[in-house]
Amino acid sequence: MKIARRLQHVKRSEIRSIFETAPADAINLGLGEIHFPTPDLILDAGHKVLEGKYINYTPNAGLPELCQTIARYYDNRIPRNNICVTNGTEEALFAAVQALVDPGDEVLLADPCFVAYETVVRLAGGIPVFFDLQSNMNFSIDRDSLQKALSPRTKLILLCNPSNPLSICFTSSEIDFLVKISTENSLYLLVDEIYRDLYYD
C-alpha cells in the first residue's frame, strides 16, 4: 500500500531525530517542553470539569464562553464569531494554512523558523520560500531578501513572534514593514504568537 503523495516531501525534523536518539538521562533543550508540574489552578479546573461530568462535545469553534473570553483578551478587536479554539498552535496553523494555501501557492518563511512550518506548508501543497534574517543585526528581517522572495505566486507570509527558535521579538518597524508588504501585494500575514505571554525575570 502507498501513502498519499503529499507525504513524500515530509521529512522527520533533525530536532526530533536527536530527541529520539538521546540517552534517557540527557537534558532536553530542544523540544520546548515546559519542565515544571502542571499548576494546581489548572489541575483544580480539570477536576471540576470531570466531577461535573461535563465532558460532552463542544461547538466546533469552541465553547461560547471561552470564545468571548478570548475576544476580551484581545480588547474585542476580533469579533467572537471570528474566533476558533484549537487543541494547540500546530493544529491552528495547520487549519489556517489549509484554509488559505492552494497547491502551487508560495509561502514566505523566515530563515531560520520553527521546523514545523515548512511541513505544514508542504502538506497543503504549498511551496516554502525562505527569506533571510540578519544574524549580525539581532536577526532582524532582511527586507531586501524578503522583497526578492516575493513572486506572483506568493500567497502568505508565516512568522513566529516572539521567534522560535531565536527567542527574539520583531520590532514595531519590522511588523509595520510586513503589514505594508502584505497589503501592497494582497498577501495574508499569519503570525504565530504562542510565546506572547511567556516572561522570565
Side-chain angles (χ1 to χ4, degrees), residues 1-43 45-46 50 84-142 145-146 149 154-170 174 178 189-201:
M1 295 178 67
K2 293 184 178 179
I3 61 171
R5 284 192 299 275
R6 75 176 67 88
L7 294 178
Q8 291 175 353
H9 301 292
V10 175
K11 298 177 287 187
R12 181 186 298 266
S13 71
E14 289 295 323
I15 198 167
R16 179 61 64 181
S17 298
I18 292 169
F19 173 77
E20 290 179 356
T21 58
D25 61 346
I27 298 172
N28 174 17
L29 299 176
L31 294 183
E33 188 174 356
I34 294 173
H35 289 284
F36 53 77
T38 303
D40 288 340
L41 176 72
I42 295 172
L43 293 174
L50 293 174
C84 181
V85 179
T86 63
N87 288 315
T89 303
E90 283 198 49
E91 182 188 353
L93 289 169
F94 182 84
V97 171
Q98 287 288 328
L100 299 174
V101 175
D102 284 315
D105 287 342
E106 293 179 354
V107 178
L108 300 190
L109 304 172
D111 183 18
C113 68
F114 179 52
V115 294
Y117 291 175
E118 182 176 354
T119 300
V120 168
V121 170
R122 290 192 186 282
L123 284 172
I127 300 166
V129 177
F130 291 90
F131 62 91
D132 295 330
L133 299 178
Q134 301 175 97
S135 60
N136 61 336
M137 297 181 67
N138 197 36
F139 292 98
S140 61
I141 293 171
D142 186 326
S145 175
L146 189 147
T154 306
K155 181 81 169 280
L156 170 70
I157 300 173
L158 173 55
L159 192 70
C160 188
N161 188 42
S163 169
N164 178 353
L166 298 172
S167 301
I168 54 111
C169 291
F170 295 103
E174 288 174 293
L178 290 170
L189 177 58
L190 180 58
V191 182
D192 171 2
E193 296 182 335
I194 186 172
Y195 301 110
R196 170 185 169 126
D197 286 325
L198 286 183
Y199 302 93
Y200 295 95
D201 293 330

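All values derive from a computational prediction rather than experimental measurement.
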(request) Might you point out which heavy atoms bring Phe170 and Cys160 nearest each other, and give the distance in Å? (result) CE1-O, 3.5 Å
(message) Tell me the closest heavy-atom pair linking Leu133 and Pro112, and the distance in Å.
(response) CD1-O, 3.9 Å
(request) Measure the SG-CG distance between Cys113 and Leu108 for me, rounded to the nearest 0.5 Å. (result) 11.0 Å
(message) So does Phe114 get a backbone contact from the side chain of Asn164, meaning a donor-acceptor N/O pair under 3.5 Å?
(response) no
(message) Nearest 0.5 Å, please: how far is CG in Leu166 from CG in Asn138?
(response) 9.0 Å
(request) With sequence neighbours left out, write down each residue that passes salt bridge (Lys or Arg N to Asp or Glu O under 4.0 Å) with Asp105, or none if nothing qualifies. (result) Lys155
(message) Any heavy-atom pair between the side chains of Leu178 and Leu146 that's under 4.5 Å?
(response) yes
(message) Testing the basics here: between Leu159 and Ala110, what is the closest heavy-atom pair and its distance to 0.1 Å?
(response) CD1-CB, 4.1 Å
(message) Pair Val107, Val97 - check side-chain contact (heavy atoms from CB on, under 4.5 Å), show working.
(response) CA-CA 9 Å; Val107 178; Val97 171; 5.5 Å; no
(request) Give the intermediate values and the outcome of side-chain contact (heavy atoms from CB on, under 4.5 Å) for residues Gln98 and Phe94. (result) CA-CA 6 Å; Gln98 287 288 328; Phe94 182 84; 3.6 Å; yes
(message) Working to the nearest 0.5 angstrom, can you tell me the gap between Leu109 CG and Ile127 CD1?
(response) 12.0 Å
(request) For Pro128 and Gly126, work out which heavy atoms get closest and say how close. (result) CD-O, 3.7 Å
(request) Output the distance between atom CD1 (Ile157) and atom CD (Glu106), rounded to the nearest 0.5 Å. (result) 12.0 Å
(message) To the nearest 0.5 Å, what is the distance between CD1 on Ile194 and OG1 on Thr89?
(response) 3.0 Å
(request) Kindly compute the distance separating OH (Tyr195) from CG (Asn161), expressed to the nearest 0.5 Å. (result) 12.5 Å
(message) For the backbone of Ile141 and the side chain of Glu174, can you confirm whether one donor and one acceptor N or O come within less than 3.5 Å of each other?
(response) yes
(message) A quick test of your reading: do over 12 heavy atoms of other residues, nucleotides or ligands sit less than 6.0 Å from CG of Leu41?
(response) no
(request) Apply side-chain contact (heavy atoms from CB on, under 4.5 Å) to the pair Leu93 and Leu158, showing each step before the final yes or no. (result) CA-CA 9 Å; Leu93 289 169; Leu158 173 55; 3.8 Å; yes
(message) Could you tell me if the side chain of Asp192 sits less than 4.5 Å from the side chain of Tyr117, heavy atoms only?
(response) yes
